[in-house]
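Let me begin by presenting the structure, written as structure tokens, before commenting on it.
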There are 2 protein chains.
Amino acid sequence: MRKFLPVLRTCPLFAEVAEDDLLRMLQCLGARIESFDKKYTILAEGNPARYIGVVLSGSVQVVRIDYYGNRSILTEVGQSDVFGEAFACAEVQSMPVTVIANEPCEIMLLECSHILHTCQSNCGFHQKLIFNLMKDLATKTLLFHQKIEITSKRSTREKLMTYLMFQAKKAGSSRFEIPFDRQELADYLEVDRSGLSAEISKLRKEGVIESEKNTFALL
Amino acid sequence: MRKFLPVLRTCPLFAEVAEDDLLRMLQCLGARIESFDKKYTILAEGNPARYIGVVLSGSVQVVRIDYYGNRSILTEVGQSDVFGEAFACAEVQSMPVTVIANEPCEIMLLECSHILHTCQSNCGFHQKLIFNLMKDLATKTLLFHQKIEITSKRSTREKLMTYLMFQAKKAGSSRFEIPFDRQELADYLEVDRSGLSAEISKLRKEGVIESEKNTFALL
DNA sequence: ACAAGTATGTTGAAATTTCAACAGATGGAG
DNA sequence: CTCCATCTGTTGAAATTTCAACATACTTGT
């Protein structure tokens with residue numbers, strides 16, 4: 001656990017928690033750390049939503065797969081970020097999504113009930129954690145607004161361009177990398193992969209963007 | 001203010017706040033109540049995100065209008081529910097959406113900074129409000145997941161059916177009313193209105209649904 | 001270096017959506 | 001009751017997306 005302190009201190013969930021308190025707190029929260037190989041399912045749709053996951057290393061994807069096997073990618077969650085918190089905090093009976101390791105990763109799982117319901121020893125950190133959770137959920141809501149703004153566009157081209165503009169803004173540069181391969185990008189934008197590839201080629205020919213693999217540039 | 005106590009007590013934001021404390025608390029939060037006519041803009045895109053709105057009567061819509069004038073409806077917010085909280089809590093500089101009165105309504109506006117940052121008098125209710133906000137944001141996140149599940153479907157028919165199934169589940173009955181007219185439903189599902197009308201007709205002819213105005217039934 | 005598996009780009013056909021235009025239905029105001 | 005504005009449903013044409021199939025490029029493990 002101790003070796004992850006540098007990551008944990010950058011985790012917004014633990015913002016303003018004194019380092020001394022952190023380890024004790026995690027103990028109290030029933031924290032446990034697990035490693036997952038790429039593509040491994042960390043939290044499965046349908047299971048009870050008890051855990052908040054903290055990405056210590058690597059990254060995970062929150063996805064939903066429908067009857068027909070179509071995958072929809074909701075978010076990509078990277079190091080020191082958190083997943084599953086909305087379902088655990090809302091205390092839903094079953095997870096509506098699946099969380100999958102996007103690469104080999106180390107994950108810390110917290111029992112959310114231990115955060116929500118003050119323990120007997122009445123640890124002082126609950127209030128701070130709840131505040132941090134609130135902040136985190138507000139931020140996540142913004143990300144969903146973003147995703148909806150992107151996918152509400154009616155054409156593949158507009159979805160792609162809107163996505164790329166958000167990424168450029170986030171990177172603070174007109175040249176940037178995206179965290180998705182083509183199929184994943186299609187599953188995030190909710191469009192057909194081959195159509196997406198065609199659109200990227202077209203935009204490139206028109207001189208609107210440059211791209212090579214996962215690196216894009218807006219011109 | 002006092003006349004709204006019955007509504008305020010059912011508002012999840014004030015759950016477990018003693019009625020005696022409520023009025024004092026609202027005072028401390030700089031609460032003010034305003035009335036709006038139908039279609040009036042309550043919070044405008046681009047403005048600073050300082051306020052949490054509480055719907056005391058009537059209902060409002062959270063919408064985004066893009067360059068081309070295409071409207072996208074994000075959510076409909078009814079009595080005793082809250083809006084704007086995600087932006088205010090995340091302390092974004094400017095609102096990414098617009099909130100519009102869906103019908104004549106009475107709205108209570110709270111200064112979010114007064115909730116987030118404990119006041120000098122160190123009122124005891126901050127912790128409770130923050131907990132309630134956290135719960136609310138978690139629930140709102142679920143609603144966004146739902147909206148994304150709906151709009152991620154590739155055809156108008158599937159979007160509509162997925163939406164109707166959620167509504168049926170919510171109503172606890174296969175017959176239910178929806179809060180949208182045709183154009184609004186199209187703007188929520190992110191599809192073309194005329195195509196939506198055509199699809200509804202088709203589903204009716206096929207005997208999959210019954211519908212008249214805003215009342216639908218799944219068969 | 002090779003083979004096998006995966007990812008990407010390309011294409012054309014089929015299905016679907018969007019768009020524009022209009023007609024009938026509905027609802028309010030006077 | 002009538003008029004006017006709005007809403008809803010219908011249609012056909014144009015644009016777009018999806019789908020399936022395939023060729024090429026890239027990766028990975030051996």
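The chains referred to below are lettered A, B, ... by the order of the sequence lines, with proteins before strands, and numbering in each begins at 1.
Taking only side-chain atoms of B:Ser194, from C-beta outward, the nucleotide of D:dC19, D:dT10, C:dT11 with the closest atom is D:dT10. Comparing D:dT17, D:dT10, C:dT10 by their nearest atom to the side chain of A:Ser155 picks out D:dT17. The side chain of B:Ser201 approaches D:dT10 more closely than any other nucleotide in the set C:dT18, D:dT10, C:dA7.
Salt bridge absent: A:Asp181 and A:Arg193 never bring a charged side-chain N and a carboxylate O closer than 4.0 Å. The existence of a salt bridge linking A:Lys3 and A:Glu106 is confirmed by a sub-4.0 Å separation between a basic side-chain nitrogen and an acidic carboxylate oxygen. In summary, A:Glu149 and A:Lys159 do not engage in a salt bridge, as defined by a charged side-chain N under 4.0 Å from a carboxylate O. For A:Arg157 and A:Glu206, the salt-bridge test passes: some basic side-chain N is under 4.0 Å from an acidic carboxylate O. A salt bridge links B:Glu34 to B:Arg32: one of the charged nitrogens lies within less than 4.0 Å of a carboxylate oxygen.
Put simply, CZ on A:Phe180 is 15 Å from P on C:dA7, counting in whole angstrom units. Taking atom CD of residue B:Glu190 and atom P of nucleotide C:dT18, one finds them 10 Å apart after rounding to whole Å. B:Glu103 places its CD atom 17 Å from the P atom of C:dG27, with the value rounded to the nearest Å. The interatomic distance linking B:Lys38 (NZ) with D:dC7 (C1') rounds to 11 Å, in whole Å. Between the C1' atom of D:dT8 and the CG atom of B:Leu196 lies a distance of 10 Å, rounded to the nearest Å. One interatomic measurement links the two molecules: CD of B:Gln183 to C1' of C:dT26, which rounds to 17 Å at whole-angstrom precision. Rounded to whole Å, atom C1' of D:dC7 lies 13 Å from atom CD1 of B:Ile200. To the nearest angstrom, C1' of C:dT16 lies 15 Å from CG of B:Leu160.
Judged by atom type and distance alone, A:Arg204 does not reach the base of C:dG9 through any side-chain donor-acceptor pair under 3.5 Å.
Residue A:Glu199 is the one, among A:Glu199 and A:Lys213, whose nearest nucleotide of DNA chain D lies closer to the 5' end (criterion: closest heavy atom).
Within 4.0 Å (heavy atoms only), A:Arg193 reaches at least one base atom of the nucleic acid. Counting non-hydrogen atoms under 4.0 angstrom, B:Asp192 reaches a base of the nucleic acid.
Between B:Arg182 and D:dC7 there is no side-chain polar atom (N or O) within less than 4.0 angstrom of OP1 or OP2.
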